[in-house]
*Asks:* 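After the structure tokens below, expect a handful of questions from me.
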Amino acid sequence: MDKIKIFSPATVANVSCGFDALGFALNNVGDEMIFEKTGTKGVTISNIEGANLPYAIKHNAAGVVALAMLNQTKADIGIDIQLIKKVKPGSGLGSSASSAAGAAFAVNELLEKPFTRLELVEFARIGERVACGSPIADNVAAVIYGGFILVKSYHPLTIVKLPVPKELMVTIIHPQIEVRTEDARNVLQPAIPIADAVRQAANLAGFISSLYTSDYKLLSKSLVDVIAEPYRKGLIPHFDTVKTAGLQNGALGVGISGSGPSIFALSKGEDTAEKVSNAIREVYQNTTIDFKMYTSAINQQGIKIL
Ligand code: HSE
């Protein structure tokens, strides 16, 4: 294989109760990326559409990942990358993760698959560090594995793929403002009270149990975030109003997608998801802030070859 074109999905990290540990991918929202072998060793980026991102390899989330993989395998080829970004950086939808994980997946294909899925997550984390200062794994693991994933531990990196209840749908509103992940991490408290740690752990456990049993009631009650949401919601205009509108119209839960500003709502079934979507849309239609909305089933597959 000399050339590959992929769809690399957008992702929702944290999912309220799983700060830095839970994530899932979306079905129809994500970037397209093209990777082509070249005769000259090293990595080039010949085209970036849809976002103002660096062409310099060491500053580009996809570029650094591809280069690290070529260096590790001592491959005697070069790779050219084209990025067609549909999800903007600073959206809370894992834009850098789509690039980094997409590069890990595609370069692995071009090299005839020397690496495991877990190793691809490790490579993709290099891109996350370049893009947002921390080698977080929740978004990139969701892109590579699909479905819900749990980052069980970082040392050693352990990813658990979790089941997806059949009727689960997600609605996203993406206010067109930028929140940098680094800034959203800086507003968090360096330590949390034991009572909050216990609540978060119990909710995460409840949520994971609900995925295995498709217990939508338990799922709903578990979608609580006492670690990040109280501090980050101030960065997102009208967060509380959106949350109330979503819950009043049947959402199982509403929370900040990753580090924001996107807000996600989980619903059971398409009809409820549509109601929730309409209610949330109405909140932002009454403001001067531009926004985009998406409704999707949970992506079970992760990256797709196009
Ligand atoms: N878990 C990370 C955070 C995701 O919330 O900072 C960044 O998109």
Side-chain angles (χ1 to χ4, degrees), residues 8-26 29-31 51 53 61-62 65 85-102 121-122 124-145 148-155 157-160 162 170 172-175 177-192 196-197 200-201 203-204 207-208 223-236 239 253-264 294 299:
S8 191
T11 42
V12 171
N14 302 338
V15 204
S16 296
C17 54
F19 179 72
D20 273 0
L22 263 187
F24 66 85
L26 304 181
V29 191
D31 297 339
L53 290 170
V65 171
K85 300 292 293 176
K86 303 277 169 73
V87 178
K88 279 192 191 146
S91 62
L93 293 172
S95 177
S96 55
S98 303
S99 297
V121 175
E122 290 281 25
R125 290 177 64 204
I126 299 171
E128 284 290 62
R129 187 179 14 223
V130 161
C132 64
S134 313
I136 320 163
D138 47 4
N139 291 98
V140 290
V143 177
I144 288 171
Y145 283 69
F148 278 98
I149 59 86
L150 172 73
V151 183
K152 165 65 186 68
S153 75
Y154 276 86
H155 306 288
L157 184 67
T158 310
I159 307 292
V160 182
L162 303 164
V170 62
I172 307 274
I173 181 158
H174 174 197
I177 55 170
E178 186 182 347
V179 173
R180 293 176 59 235
T181 298
E182 206 171 342
D183 297 337
R185 291 183 85 78
N186 285 337
V187 300
L188 301 176
Q189 304 294 299
I192 57 166
D196 285 349
Q200 194 88 2
N203 282 321
L204 179 54
F207 183 82
I208 289 173
L223 283 169
V224 179
D225 175 7
V226 293
I227 291 185
E229 187 178 298
Y231 306 101
R232 286 181 168 175
K233 67 179 184 176
L235 303 172
I236 306 170
F239 176 80
V254 179
I256 301 171
S257 176
S259 51
S262 289
I263 302 169
F264 77 95
Y294 312 99
N299 174 336

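Just so it is clear, the values below take in all heavy atoms, side chains as well, and ignore hydrogens, waters and symmetry mates. Both ligands and their constituent atoms are indexed starting at 1 by order of listing.
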*Asks:* Checking the side chain of Ser96 only, and the main-chain atoms of Ala131 only, is there a donor and an acceptor separated by less than 3.5 Å?
*Replies:* no

*Asks:* Between Arg185 and Asp20, is the salt bridge (charged side-chain N to carboxylate O under 4.0 Å, His left out) condition met? List the steps.
*Replies:* CA-CA 11 Å; Arg185 291 183 85 78; Asp20 273 0; 2.6 Å; yes

*Asks:* Of the side chain and backbone of Arg232, name the one, both, or neither that has a heavy atom under 4.0 Å from an atom of ligand 1.
*Replies:* side chain

*Asks:* Apply salt bridge (charged side-chain N to carboxylate O under 4.0 Å, His left out) to the pair Lys86 and Asp31, showing each step before the final yes or no.
*Replies:* CA-CA 5 Å; Lys86 303 277 169 73; Asp31 297 339; over 6 Å; no

*Asks:* Any N/O of Arg185 closer than 3.5 Å to an N/O of ligand 1?
*Replies:* yes

*Asks:* Applying a 4.0 Å heavy-atom criterion (strictly less than), which segment of Asp20 is in contact with ligand 1: side chain, backbone, both, or neither?
*Replies:* both

*Asks:* Considering the heavy atoms of Asn139, write down every atom of ligand 1 situated less than 4.0 Å from one of them.
*Replies:*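 Listed by number with element: 4 (C), 7 (C), 8 (O).
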
*Asks:* Using a strict 4.0 Å cut-off to heavy atoms of Phe19, name the atoms of ligand 1 that fall inside it.
*Replies:*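 In order of numbering, the contacting atoms are 3 (C), 5 (O).
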
*Asks:* Under a 4.0 Å N-O cut-off, is there an ion pair linking Arg125 with Asp138?
*Replies:*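 Looking at Arg125 and Asp138, the cut-off is not met.
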
*Asks:* Please check if any side-chain donor atom of Glu229 sits under 3.5 Å from a side-chain acceptor atom of Ser16, or the reverse.
*Replies:* no

*Asks:* Yes or no: does Ser259 have any heavy atom under 4.0 Å from an atom of ligand 1?
*Replies:*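 Contact check Ser259 vs ligand 1: positive.
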
